[in-house]
Structures are given as C-alpha cells and as structure tokens.
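Since the model is a prediction, treat every value here as computed from it, not as a measurement.
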Amino acid sequence: MAKMTNDELIDQFKEMSLIELSEFVKLFEETFDVEAAAPVAVAGAAPAAGGGEGEAAEEQTEFDVVLESAGDKKIGVIKEVRGLTSLGLKEAKELVDGAPKPVLEGVDKDAAEKAKETLEGAGATVTLK
C-alpha cells in the first residue's frame, strides 16, 4: 500500500460524514492509546483557586446533538438527518420517529452547533448535551 500524503489524508477526511469521522477518531485513540482533545492553556487552571468551581469551569469538548422532536416538517428533518449522518432513508426516518434520540455523538462544539442550526432550520427541536 502506497503511503498517503497529508493532503491526500485531508481529502479523505473531507469525504467522511461527522459520524464516520468521530468513529475514526475513537478508533485512532484506542489503537495508539492517545487522546485527540485539544490542549488546554495553562491559564485555564487559574479558576480552580477560586473555590469549588474548578470542575464547573472546565469547558466541555465533546457534545451530543439530540433530536427532541421533528416538529411539523418531518420530511425536511429526515433529509437533514441524512445529510448530517451516513444513515439511509429508512434509518433516518426511524431515528426521527423515535425522538428523542442522539443524531451525532461526541462531536466538537462547532460541529454540534452547526448541526443544531441545520436541524432547527428544518423545524426540529434539538438540544446539545
């Protein structure tokens, strides 16, 4: 197997859905016994001196996008779920019909907020956890 360049790897990642990419990251972490979390600045430790709020001040890095309800425009929500995931029509419909259910799990804040906006634009009720 030929070695891929960094640009070729990035192109491959661009073609993956968020769920596929999330699963890849988890597998990568398990295989190489590493954590892909972004490093926290040293200044982030300063709030811990202010009392018991140190744990609450730590910013959440992984979010779950949970579909609470499809609303009135269920077909549009199904289309958006399919666009955000690698699910087929039947699986996406089952996910929407079975709400509340997670659409994306363990994604970064930007991806979670973008997915929330997309689903809410289609008429769904969404929460981030």
Indicate, with yes or no, if [Y] and [X] share a hydrophobic cluster defined by side-chain heavy-atom contacts under 4.5 Å among Ile, Leu, Val, Met, Phe, Trp and Tyr.
X: Leu84; Y: Leu128; result: yes
X: Val65; Y: Val25; result: no
X: Leu9; Y: Leu18; result: no
X: Phe28; Y: Met4; result: yes
X: Ile19; Y: Ile78; result: yes

Residue pair Leu95 / Pro102: nearest heavy atoms and the distance that separates them
CD1-O, 3.7 Å
Heavy-atom pair of closest approach, residues Val66 and Lys129:
CG2-CD, 4.1 Å
With distance as the sole criterion, is a donor-acceptor pair present between the side chains of Thr85 and Ser17 under 3.5 Å?
no
What distance separates [X] [atom1] from [Y] [atom2], expressed to the nearest 0.5 Å?
X: Glu80; Y: Lys73; atom1: CD; atom2: NZ; value: 11.5 Å
X: Lys116; Y: Leu67; atom1: NZ; atom2: CG; value: 12.5 Å
X: Lys101; Y: Glu94; atom1: NZ; atom2: CD; value: 8.0 Å
X: Leu21; Y: Asp108; atom1: CG; atom2: CG; value: 9.0 Å

Go through the steps for Glu68 and Thr127 under the test side chain to side chain donor-acceptor pair (under 3.5 Å), then give the verdict.
CA-CA 7 Å; Glu68 297 296 333; Thr127 58; 2.8 Å; yes
Decide side chain to side chain contact (heavy atoms under 4.5 Å, CB included) for Glu105 and Asp64; before the verdict, give the C-alpha distance in whole Å, the side-chain angles of both, and the deciding distance to 0.1 Å.
CA-CA 4 Å; Glu105 296 178 312; Asp64 293 342; 3.5 Å; yes
Pair Asp110, Lys114 - check side chain to side chain contact (heavy atoms under 4.5 Å, CB included), show working.
CA-CA 6 Å; Asp110 291 335; Lys114 191 173 189 177; over 6 Å; no
Please lay out, stage by stage, how Lys74 and Val77 fare under the test side chain to side chain contact (heavy atoms under 4.5 Å, CB included).
CA-CA 5 Å; Lys74 189 160 99 175; Val77 174; 5.6 Å; no
